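Structure below; questions to follow.
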Amino acid sequence: MSGEHAPHPRSDLAARIKPDIPHAARIWNYWMGGKDNFEADRAAGDAVAKVYPDIVTMAMQSRLFLRRAVSYLAAEAGIDQFLDIGTGLPTMQNTHEIAQAITPASRIVYVDNDPLVLTHARALLVNTTPEGVTTYVDGDYHEPELIISDARNVLDFTRPIAVMFMGVLGYVADLDEVRSIVSRVMAEVPSGSHLVLWDGTNTGTEVSEGSDKLAESGAVPYYLRTLDELAGCFAGLELVEPGLAPISHWRLPDDADEVQRIDAYGAVARKP
């Protein structure tokens with residue numbers, strides 16, 4: 001089955017693309033070496049990288065963390081449904097490709113509200129197996145109930161679902177709102193579901209300077225969290241070993257080359 005599109009009232013996506021304003025998904029694409037970005041995005045990305053060069057490493061490591069987390073969920077936890085909220089621009093080794101390579105009938109719902117992301121999703125986020133389902137929803141994580149409503153058209157909410165927030169909740173200024181978004185989504189999924197979440201942390205001076213430069217560029221500010229604040233997003237859930245860890249080290253194979261710790265932490269946790 002080819003990728004399916006969940007209908008949404010928003011339309012005319014191309015008209016919503018504003019190339020002169022730096023945008024998070026396109027800046028991130030630039031840091032990852034992609035081509036789906038504009039001059040304003042590159043300028044903002046360069047301003048951050050000048051004071052925090054490890055941002056490029058963080059972008060690359062975030063994709064490796066996603067690969068390890070989805071592989072664990074599909075191969076070890078038996079999860080075959082994924083709700084990837086704030087997916088960003090499609091790149092190599094997307095959630096559906098990893099999951100469906102392990103469990104061909106996996107069903108994946110991507111969620112984003114960036115028009116460029118949605119335009120590319122139509123072309124690139126398509127099934128890798130005949131029996132799987134890959135679809136996308138034009139949705140804002142500030143409206144979790146609408147996301148859940150659309151996702152119910154594809155996912156079976158009587159069976160475990162992996163909910164993913166991959167580096168996106170740092171764009172929410174209010175920590176209580178972050179926890180509310182996560183808890184409202186997790187309240188709708190059944191026991192045995194999992195939360196995968198990572199965000200940037202204020203664990204270094206340079207990363208804080210990078211956050212300041214991002215805000216100065218005109219892009220949406222990114223709010224770094226303390227480790228305790230990030231840990232609070234997993235309240236009521238059972239952390240999978242090794243718990244909250246740098247994304248560059250989470251379940252890193254024993255024979256892997258040594259990698260540096262970066263200012264981004266994440267975890268996978270199970271809903272009892």
Side-chain angles (χ1 to χ4, degrees), residues 3-4 6 62-88 90-91 93-112 121 125 127-129 131-137 139 141 144-169 178-179 181-199 230-231 233-245 247 250-251 264-272:
E4 298 178 2
S62 71
R63 184 56 46 167
L64 296 177
F65 171 67
L66 181 148
R67 184 175 69 184
R68 293 195 298 272
V70 172
S71 295
Y72 162 77
L73 290 165
E76 298 185 46
I79 301 295
D80 62 1
Q81 301 190 104
F82 294 81
L83 181 58
D84 189 339
I85 301 175
T87 181
T91 183
Q93 297 179 318
N94 298 290
T95 299
H96 72 288
E97 294 168 320
I98 300 165
Q100 290 173 355
I102 297 170
T103 306
S106 293
R107 304 171 78 85
I108 291 84
V109 173
Y110 290 106
V111 181
D112 210 296
L125 298 183
N127 275 357
T128 58
T129 60
E131 57 269 63
V133 175
T134 304
T135 187
Y136 57 94
V137 169
Y141 53 55
E145 287 76 18
L146 293 181
I147 290 173
I148 295 296
S149 177
D150 277 348
R152 287 186 186 278
N153 295 322
V154 176
L155 305 180
D156 179 357
F157 276 70
T158 69
R159 299 194 302 108
I161 296 169
V163 176
M164 303 170 62
F165 291 98
M166 307 299 277
V168 298
L169 293 178
V178 169
R179 292 175 175 170
I181 291 168
V182 173
S183 64
R184 285 153 68 191
V185 176
M186 294 306 296
E188 297 297 326
V189 297
S191 174
S193 294
H194 286 67
L195 171 66
V196 189
L197 185 150
W198 77 265
D199 266 311
L230 207 53
C233 294
F234 297 92
L237 306 176
E238 301 168 346
L239 287 170
V240 171
E241 290 294 332
L244 187 64
I247 59 172
W250 190 89
R251 291 202 166 221
Y265 279 66
V268 175
R270 181 183 183 277
K271 181 175 179 178

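What you see is a predicted model, and the numbers here were worked out from it, not measured in a lab. Positions are given from 1 along the sequence.
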Exercise for review: Kindly determine whether F82 and V196 satisfy side-chain contact (heavy atoms from CB on, under 4.5 Å), including the steps that lead there.
Suggested key: CA-CA 10 Å; F82 294 81; V196 189; over 6 Å; no

N/O donor to acceptor pairs below 3.5 angstrom from side-chain atoms of residues 264-272, sequence neighbours left out:
| from | atom 1 | to | atom 2 | distance (Å) |
| --- | --- | --- | --- | --- |
| K271 | NZ | M186 | O | 2.7 |
| K271 | NZ | V189 | O | 2.6 |

Check your understanding: For the atom pair CD1 (I85) and CG (L169), what is the distance rounded to the nearest 0.5 Å?
Key -> 8.5 Å

Check your understanding: Would you say the side chains of D112 and T87 form a donor-acceptor pair under 3.5 Å?
Key -> no

**Study point:** Shortest non-hydrogen contact from E131 toward P104
**Key:**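 Closest approach of E131 to P104: OE2-CB, 3.3 Å.
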
Exercise for review: For R107 and T135, indicate whether the former's side chain and the latter's backbone hold a donor-acceptor pair under 3.5 Å.
Suggested key: no

**Study point:** Counterpart residues, ring pair (Phe, Tyr, Trp, His ring centres under 6.0 Å), relative to Y110 (two or more places apart)
**Key:** H96

Review point. Can you tell me how far OG of S62 sits from CD1 of I247, rounded to the nearest 0.5 angstrom?
Key: 5.5 Å

Check your understanding: Looking at E145 and R184, what are the two nearest heavy atoms and their distance?
Key ->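 Heavy atoms of E145 and R184 come nearest at OE1-NH2, 2.8 Å.
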
Point to revise | Any donor-acceptor N/O pair, Q100 side chain to T128 backbone, under 3.5 Å | key: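 Indeed, once roles are kept as given, a pair shorter than 3.5 Å links the two residues.
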
Review point. When rounded to the nearest 0.5 angstrom, what is the spacing between CD1 in I108 and OG1 in T95?
Key: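 Those atoms lie 7.5 Å apart.
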
**Study point:** V185 side chain near I147 side chain, heavy-atom distance below 4.5 Å
**Key:** no

Review point. What pairs with D80 under side chain to side chain contact (heavy atoms under 4.5 Å, CB included), at least two apart in sequence or on another chain?
Key: T103, S106, R159

Review point. Looking only at heavy atoms, which two atoms of S71 and I98 are closest? And how far apart?
Key: OG-CG2, 3.4 Å

**Study point:** S191: partners by side chain to side chain donor-acceptor pair (under 3.5 Å), with sequence neighbours left out
**Key:**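 Side chain to side chain donor-acceptor pair (under 3.5 Å) check on S191 returns nothing, list empty.
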
Exercise for review: Applying salt bridge (charged side-chain N to carboxylate O under 4.0 Å, His left out), name anything that partners E241, two or more places apart in sequence or on another chain.
Suggested key: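 Expected list: none.
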
Practice item. Return the minimal non-hydrogen interatomic distance between W198 and M166, and the atom names on each side. Key: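 The answer is NE1-C, 3.3 Å.
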
Check your understanding: Considering residues at least two apart in sequence or located in another chain, which fulfil the side chain to side chain donor-acceptor pair (under 3.5 Å) criterion with Q81?
Key ->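 With sequence neighbours excluded, Q81 shows a side chain to side chain donor-acceptor pair (under 3.5 Å) to no residue whatsoever.
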
Point to revise | Note, V70 side chain near M164 side chain (heavy atom, < 4.5 Å) | key: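 Heavy-atom side-chain distance check passes, below 4.5 Å.
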
Practice item. Would you please name every residue forming a salt bridge (charged side-chain N to carboxylate O under 4.0 Å, His left out) with R67, sequence neighbours left out? Key: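 Residues passing salt bridge (charged side-chain N to carboxylate O under 4.0 Å, His left out) with R67: none at all.
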
Review point. Quick one: salt bridge (charged side-chain N to carboxylate O under 4.0 Å, His left out) partners of D84, sequence neighbours excluded?
Key: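 Salt bridge (charged side-chain N to carboxylate O under 4.0 Å, His left out) check on D84 returns nothing, list empty.
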
Review point. Can you list the residues that meet the side chain to side chain contact (heavy atoms under 4.5 Å, CB included) rule with P190, with sequence neighbours excluded?
Key: S193

Review point. Under the side chain to side chain contact (heavy atoms under 4.5 Å, CB included) test, which residues partner A77, sequence neighbours left out?
Key: Y72, L73, I79, H194

Review point. Looking at residues at least two apart in the chain, or sitting in another chain, which of them share a side chain to side chain contact (heavy atoms under 4.5 Å, CB included) with V168?
Key: Y141, F165

Check your understanding: What residues, two or more places apart in sequence or in another chain, satisfy salt bridge (charged side-chain N to carboxylate O under 4.0 Å, His left out) together with R152?
Key -> E188

Point to revise | Pair N127, T129: side-chain N/O donor-acceptor within cut-off below 3.5 Å | key: no

Revision key, fill the gap. All heavy atoms of L83 vs all of A151, minimum pair found to be CD1-CB, 4.0 Å

